[in-house]
Amino acid sequence: MSKVIVVKAKEELVVSSLKKGEVHRLQIHLTDNALGVPWRVPLIIIRGENKGPTLGITAALHGNELNGISTIFKLIEKIDPKKLSGNLVLVPISNVPGYLLNQRYFIDNVDLNRIMPGKPHGKPSSLYAHQFIHKIVKKFNYLLDLHTASHGRVNSLYIRADLENEETRTLAFLQNPQIIVSKYDEHGTLRAWANDHNIPTITIEIGNSNAFQHSLIDETLDGILNTLRHLKMIRGRVKDMIANSVVCENSYWIYSSRGGIVDVYPNLAETIKTGQIIARVFDVFGQVKEIIRSDKDGVVIGKNVAPNCEAGTRILHLGVNWIEPDPESIPGHED
Ligand SMILES: [Zn+2]
């Protein structure tokens, strides 16, 4: 029988108050629901025996994006707090009401990752975001924010990061993903708030929503362990990662202009050519109404897999303008 662990409810995360060399499990009270019962966020804190930075890993800020939860659970099993330098603060379910409803949004149908850092007085989502930032995220020195594709779409394993910033570029390459997209920090995202407050942060997009995809989870875990080695939180050599990622200067969605039934052809992470047919939209009688072609050479970051297609549906997420990164700018690389 496994040992019963008492989980303590707390008002705020105070890492220094926790005993070194141990794993702690806490629930942090953010706001209250309509029964007056607290919304509490579960945290696992691996408090290292030795000094070092505090790395936060957040998952399911969109409540149906679940691959990050399994990634965190697997990470816990890999880390010995007696050998860790610094602290790992793991947040498997950031958007607790969204998770319970199996939906992307908070309970008031607002996207938490567009309203950060929230407000001390405002809508339910605003209050929750504010408390999440001030009681938890503010305590991090680095942050990896784990996401997936939205419902009805599928993703490769890819990173969104500001590649102009040395620290976030390093974090991006350490993950060794299929694709890296250089993205400025979109206003209102957790990543934007954290980077503005000297907490280097990247977004890791792990496959699809509503599922555990273990091959992508294991690749993500590898990247996180690599990050821990780079930050000298665990021992070991940082993996060389120069050859593996496709780095895009930007990306955009290609949309349908007709409605009907859509079939999208390329595979994830496939490279495609300008003019290549990427999808066809049929009417309900099986006749082709629209042929959608790529307007550029690029790589498939994500795509729509839901056949019912309103005119104006996102069809394919294309990464374009590949960059050959300077080897000097990539950690762990040795000629
Ligand atoms: Zn997300």
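Note that ligands are numbered from 1 as they come in the structure, with each ligand's atoms numbered from 1 the same way. Source: prediction; values computed, not measured. Only this structure's heavy atoms are used, side chains among them; waters, hydrogens and symmetry mates stay out. Throughout, numbering of the chain's residues begins at 1 and tracks the sequence.
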Original post:
According to the interplanar angle, ranging from 0 to 90°, do the rings of H197 and W193 count as parallel (below 30°), tilted (30 to 60°) or perpendicular (above 60°)?
Top reply: parallel
Original post:
Can R104 and E65 be counted as an ion pair, charged N to O under 4.0 angstrom?
Top reply: yes
Original post:
Angle class for the H62/H147 ring planes (parallel below 30°, perpendicular above 60°, tilted otherwise)?
Top reply: perpendicular
Original post:
According to the salt bridge (Lys or Arg N to Asp or Glu O under 4.0 Å) rule, which pairs have a member within residues 186-204, sequence neighbours left out?
Top reply: R160-E186, D185-R191, E186-R191
**OP:** Please list all pairs passing the side-chain hydrogen bond (donor to acceptor under 3.5 Å, both in side chains) test where one or both residues lie in residues 86-103, with sequence neighbours left out.
**Re:** R47-N87, T54-N87, N102-N210
Subject >> 2.8 Å cut-off (strict), protein N, O or S atoms about the Zn ion (ligand 1) >> reply: 4
Original post:
How does the hydrophobic cluster around L35 look, that is, which other residues are in it when side-chain heavy atoms under 4.5 Å mark a link?
Top reply: V37
